[in-house]
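One structure is given here, and the rest of the page talks about it.
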Amino acid sequence: MRCSTQLQVLVFQLSKSRQTLPNIKQLHAFIAKTHLSIDPFYATRLIRFYALNNDLESARHLFDETPHRTVYVWNSIIRAYAQANKFHDAMWLFNAMRGSETMPDNFTFACVLRLCCENFVVGGLRGVHGSVVVAGLGWDYVCCSALVNAYARVGMIGDARRVFSGVREPDLVLWNSVVSGYGICGKWEEGLELFSVMRIRGIRPDGYTLVGIITGLGDPGLVRIGQGIHGFCLKCSLDCSPHVSSAILSMYSRLMCMDSACRVFDTLCQPDLVTWSSLITGFSQCGDNKMALVFFRNMIMEGGKADPILIACALAASAQVAMVGAGSEIHGYAIRHDYASDVMVSAALIDMYPKCGFLGLGIQVFRYTPRRNVVSFNSIISSLGLYGLPSEAFDMFGELLGEGLKPDEYTFSALLCSCSHAGLVNDGRRFFTRMTDEFSIIAKTDHYVHMVKLLGMAGELEEAYNLVQSAPEPVDPEIWGALLSCCDVHKNTEMADNVAQRLFGIEPGKDTYRVMLSNIYASDGRWDDAKQLRDNVIGGRQKKMPGLSWTEV
DNA sequence: GTAGGGTTAG
């Protein structure tokens, strides 16, 4: 009797559309007091409700109090932890479930697979894949789409494709997962190929499909393809979906077609944070930082709220154009919205102020940042280096180590840059060795460029040449280019010839380097070589070659 | 007897 009344109360409470957390808690406490065990059906609904309100603790309490745990009850608690990205708790519960009487179903596996890929736990992914197969769910649509997505997100597109190919008649979601998988991995050609196969087989694409293809288009050379896909969306009226139009907008941003991006933006009835961000970062990437700042301001004026990522981006735009007024205004916005101590924001501030000519303010922000991390240190070290204060930069590096932080590739890039600016050859050599030997960081293009400039400008051309030769293939042309400009400074024609051979082997079309080399030849009196190079550069275009005019033969 | 659950943009 009491039990059924209880249930009726629950049904009544839960059927009311807008519940509040205190209401539900009160109800929960009441049930606990009566020592009635909650029916698994209601337990599931309550756990989901708690999870939605970010009250994991109550969700867990309720779960613990529920003796009869159906697969729904288990899934709701595992999902609650997974969505809060509590990897270890969720995995612990998943394993507990496997030891219980209730076996995981396809939705449990799907949830855990997503959790593994979000945390880049490839071993876990493989393990769960194995369990899926053992459970006889190797051909289940839900499991397979989760597997395809998870493998693609950790960059294992081959495995994703194998899972997909194992399903005889994929449904729309599974098609979408594999198409977007290729998009995630930047393999737009394969994505497009599958898209046509899917259409041949009579599967009607939806918004997810198009978004999947569009995400793969990042190269500015793909404008025509992007426009074609946009046209397809218009034809199928898929552009009405906010997700699709937002993806198209950010595609145009990535393709550096800001006019098209703006046109799409104007058609949106309610641009959200992500669409504003796509547009603003798009302008910034195109080098139109002033426009990026204008749109940032428009967004705020229209009542939009920026998050730390966008604030950091707007600060970077201010730094690029050295507009301290805009930068400090955004700083004020960040303080008012309690984002000033966010790691991304403070690192952007530490970078912005010095670039606008206010090194002191950058240092001040750095000193007042409560939870400094390696990114904040990198910003301040590189600023000090740019101001020609290498020993202060080195001290900061010492402070970083003193705080128990681990330097990364950007730290060393900033340090080597400081050395290069100040011509500190020995310090540069030391940092380069420490980077690889002590901190096991593999030298990247940036590091080689700084080292080559440092050694080359100091006249150590041989050492610089040997260093580049020791770099793993393929060597970025920028590195050889840096060495070539050092040969120019020291008028070392012999080495310039060597470098040119290596350089043009990789980058035949790079005019800047040919110009540089012809200058070297010209100053050495090798007019014919210089002239030949110049003809190569012009290649039919009537362009006056800079730097040669004064030695015109 | 009831239920949710796999794929979307910076």
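Every chain is numbered from 1 and lettered A, B, ... according to where its sequence line falls, protein lines coming before strand lines. Since this is a predicted model, take the numbers as computed values, not measurements.
- By the neighbour-count criterion of 12 heavy atoms within 6.0 Å, atom OH of A:Tyr410 is sparsely surrounded, having that number or fewer from other residues, nucleotides or ligands.
- Remark: C1' of B:dG6 and CD of A:Glu118 are 13 Å apart, rounded to the nearest angstrom.
- Here A:Ser278 lies in heavy-atom contact (under 4.0 Å) with sugar-phosphate atoms only.
- Residues A:Asp159 and A:Arg162 are paired through a salt bridge, judged by an N-O separation under 4.0 Å between the basic side chain and the carboxylate.
- Taking 4.0 angstrom as the limit, A:Arg153 places a side-chain polar atom (N or O) nearer than this to OP1 or OP2 of B:dT8.
- In this structure, the side chain of A:Thr102 engages the main chain of A:Arg69 through a donor-acceptor pair within 3.5 Å.
- A sub-4.0 Å separation between OP1 or OP2 of B:dG10 and a side-chain N or O of A:Arg254 is present.
- Closest to the side chain of A:Arg114, from the set B:dT7, B:dG6, B:dG10, is B:dT7.
- Within the 4.0 angstrom heavy-atom criterion, only backbone atoms of the sugar-phosphate kind lie near A:Ser177; the bases stay farther away.
- At the heavy-atom level, A:Thr215 lies under 4.0 Å from the strands shown only through sugar-phosphate atoms.
- No N or O donor and acceptor, one from the side chain of A:Thr281 and one from the base of B:dG10, sit under 3.5 Å apart.
- Look at CG on A:Leu255: it is 16 Å from P on B:dA9, rounded to the nearest Å.
- Listed candidates were B:dT8, B:dT7, B:dG4. Nearest to the side chain of A:His243 is B:dT8.
- With hydrogens and angles ignored, a donor-acceptor pair closer than 3.5 Å exists between the side chain of A:Asp171 and the base of B:dG6.
- In the interface, the side chain of A:Ser246 is paired with the base of B:dA9 through a donor and an acceptor atom under 3.5 Å apart.
- At whole-Å resolution of the value, CG in A:Leu147 and P in B:dT7 are 12 Å apart.
- Here the nucleotide nearest the side chain of A:Asp272, chosen from B:dA9, B:dG10, B:dT2, is B:dA9.
- Minimum atom distance to the side chain of A:Asp39 is reached by B:dT2, of the listed B:dT2, B:dT8, B:dA9.
- Here A:Asp206 lies out of heavy-atom contact (under 4.0 Å) with every strand.
- Proximity note for A:Ser145 (side chain, C-beta onward) versus B:dG6, B:dT8, B:dA9: the nearest is B:dG6.
- Rounded to whole angstrom, the span from the CG atom of A:Leu315 across to the C1' atom of B:dG10 amounts to 16 Å.
- Once rounded to the nearest 0.5 Å, the distance linking CZ of A:Arg199 with CG of A:Leu194 reads 13.5 Å.
- The interatomic distance linking A:Asp140 (CG) with B:dT7 (P) rounds to 13 Å, in whole Å.
- Between the side chain of A:Asn149 and the base of B:dG6, no donor-acceptor pair under 3.5 Å is found.
- Of the listed nucleotides (B:dG4, B:dT7, B:dA9), B:dG4 has the atom at the smallest distance from the side chain of A:Tyr72.
- We find that CE of A:Met251 is positioned 15 Å from C1' of B:dT8, with the value rounded to whole Å.
- Contact annotation: A:Asn75 does not reach the phosphate of B:dA3 (side-chain N/O to OP1 or OP2, under 4.0 Å).
- Of the residues listed (A:Tyr182, A:Phe164, A:Tyr141), the one engaging A:Trp175 in a ring pair (Phe, Tyr, Trp, His ring centres under 6.0 Å) is A:Phe164, and it is the only one.
- In the displayed structure, A:Arg60 atom CZ is contacted under 6.0 Å by more than 12 heavy atoms of other residues, nucleotides or ligands.
- Side-chain proximity of A:Thr70 to the nucleotides B:dG4, B:dA3, B:dA9 is greatest for B:dA3.
- Taking the six-membered ring where tryptophan is involved, the planes of A:Phe295 and A:Trp276 are tilted, since the angle between them lies from 30° to 60°.
- Candidate nucleotides B:dT8, B:dG10, B:dG6 were compared by shortest atom distance to the side chain of A:Arg79, and B:dG6 ranks first.
- Residue contacts shown for A:Leu310 include a base, since a base heavy atom lies under 4.0 Å away.
- Per the geometry, CD belonging to A:Gln285 stands 9 Å off C1' belonging to B:dG10, to the nearest Å.
- Atom pair A:Ile280:CD1 and B:dA9:P shows a separation of 19 Å (rounding to whole Å applied).
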